[in-house]
Structures are given as C-alpha cells and as structure tokens.
Amino acid sequence: MSVKLHIKKGDTVYVNAGDNRGQQGKVLEVLVDKRRAVVEGVNMVSKHTKPNAKNPQGGIVKQEAPVAIDNLQVIDPKSGKPTRVGRRMGDNGKLVRYSKKSGEEIK
C-alpha cells in the first residue's frame with residue numbers, strides 16, 4: 001500500500017528540523033518508498049567523482065542529498081509561512097491540497 005504524502009515535486013518547502021533548519025527550497029524529487037525528498041540547495045554533500053564526459057576534470061562535486069519528508073513543511077501560498085496541508089474535494093470532484101493556515105488551495 002502506498003502512502004499519500006503531503007509534498008509533491010515543485011512545491012516550495014521549509015525545513016523545520018535538522019542541520020538545515022530554517023532553509024527553504026523547491027522540491028526537485030520525491031522518493032516515496034523511502035519517505036524522503038531532494039530539496040534545491042538544502043542538505044548539500046560533497047561527492048567525489050571520477051573524470052567522465054560531463055566532468056572531464058573529476059574531483060569533488062557538491063550536490064543535494066535527500067531530506068526526511070517529516071522534516072519538511074509546505075509554504076503557504078498566501079502568507080509565505082510554513083503550513084500544514086489538508087485535503088478536500090475540489091470543484092471537479094478530485095481531492096485538492098489546501099493550506100491549513102489560510103485555507104488557500106496549493107497548486
């Protein structure tokens with residue numbers, strides 16, 4: 001059974017726990033089975049790479065590592081502050097996500 005997550009690719013999120021607490025970024029990828037998400041500019045790690053076609057020099061490359069989804073909150077589209085996410089029936093009969101703070105729909 002797959003679990004429905006409150007975060008999707010493209011959401012702007014706030015990190016509310018861990019070393020990167022207080023940072024914001026856009027979700028680049030969601031790893032549903034591991035309950036983690038890769039967020040732009042958050043949880044940067046140094047990766048040692050061999051020379052290849054993309055990086056002929058090789059060396060150390062900085063890249064984003066996944067963050068636990070429990071430590072992320074979606075940014076409210078109205079106020080720009082972190083908010084919890086709810087689901088309700090939309091006009092077309094599909095479930096839509098909305099901000100618990102402002103009640104506004106999250107696109």
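A quick note: this is a predicted structure, and the numbers were derived from the prediction, not measured.
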Got more than 12 heavy atoms from elsewhere within 6.0 Å of [atom1], [X]?
{"X": "R87", "atom1": "CZ", "result": "yes"}
{"X": "R21", "atom1": "CZ", "result": "no"}
{"X": "D91", "atom1": "CG", "result": "no"}

Path from [X] to [Y] over hydrophobic side-chain contacts below 4.5 Å:
{"X": "V96", "Y": "I75", "result": "no"}
{"X": "V74", "Y": "L5", "result": "yes"}
{"X": "I69", "Y": "L28", "result": "no"}
{"X": "Y14", "Y": "V85", "result": "no"}

Quick check: do [X] and [Y] have side-chain heavy atoms less than 4.5 Å from each other?
{"X": "V45", "Y": "Q63", "result": "yes"}
{"X": "K94", "Y": "M89", "result": "no"}
{"X": "V67", "Y": "V38", "result": "no"}

Grab the two heavy atoms, one from V42 and one from V15, that are nearest each other, plus how far apart they are.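 Heavy-atom minimum between the residues: CG1-CG2, 3.8 Å.
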
Taking all atoms of both residues into account, what is the closest heavy-atom pair of K78 and S102, and its distance?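 For K78 and S102, the tightest heavy-atom pair comes out as CD-CB, 3.8 Å.
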
Just how far is it from atom [atom1] of [X] to atom [atom2] of [Y], taken to the nearest 0.5 Å?
{"X": "S99", "Y": "K81", "atom1": "OG", "atom2": "NZ", "value": "12.0 Å"}
{"X": "I7", "Y": "R35", "atom1": "CD1", "atom2": "CZ", "value": "9.5 Å"}
{"X": "L72", "Y": "Q24", "atom1": "CG", "atom2": "CD", "value": "11.5 Å"}
{"X": "N16", "Y": "Q23", "atom1": "CG", "atom2": "CD", "value": "12.5 Å"}

Check whether [X] reaches the backbone of [Y] with its side chain - one donor and one acceptor, N or O, closer than 3.5 Å.
{"X": "E105", "Y": "Y98", "result": "no"}
{"X": "N43", "Y": "P66", "result": "yes"}
{"X": "T83", "Y": "D76", "result": "no"}
{"X": "R97", "Y": "H6", "result": "yes"}
{"X": "N52", "Y": "N55", "result": "yes"}
{"X": "T12", "Y": "G25", "result": "no"}
{"X": "K101", "Y": "P82", "result": "yes"}

Salt bridge or not between K107 and D11? Use side-chain N to carboxylate O under 4.0 Å.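 No salt bridge links K107 with D11.
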
Please lay out, stage by stage, how E64 and M44 fare under the test side-chain contact (heavy atoms from CB on, under 4.5 Å). CA-CA 4 Å; E64 293 97 353; M44 299 299 282; 3.6 Å; yes

Report the C-alpha distance between E29 and K9 in whole Å, list the side-chain angles of each, state the deciding distance to 0.1 Å, and finish with yes or no for side-chain contact (heavy atoms from CB on, under 4.5 Å). CA-CA 6 Å; E29 183 184 3; K9 180 179 176 179; 5.9 Å; no

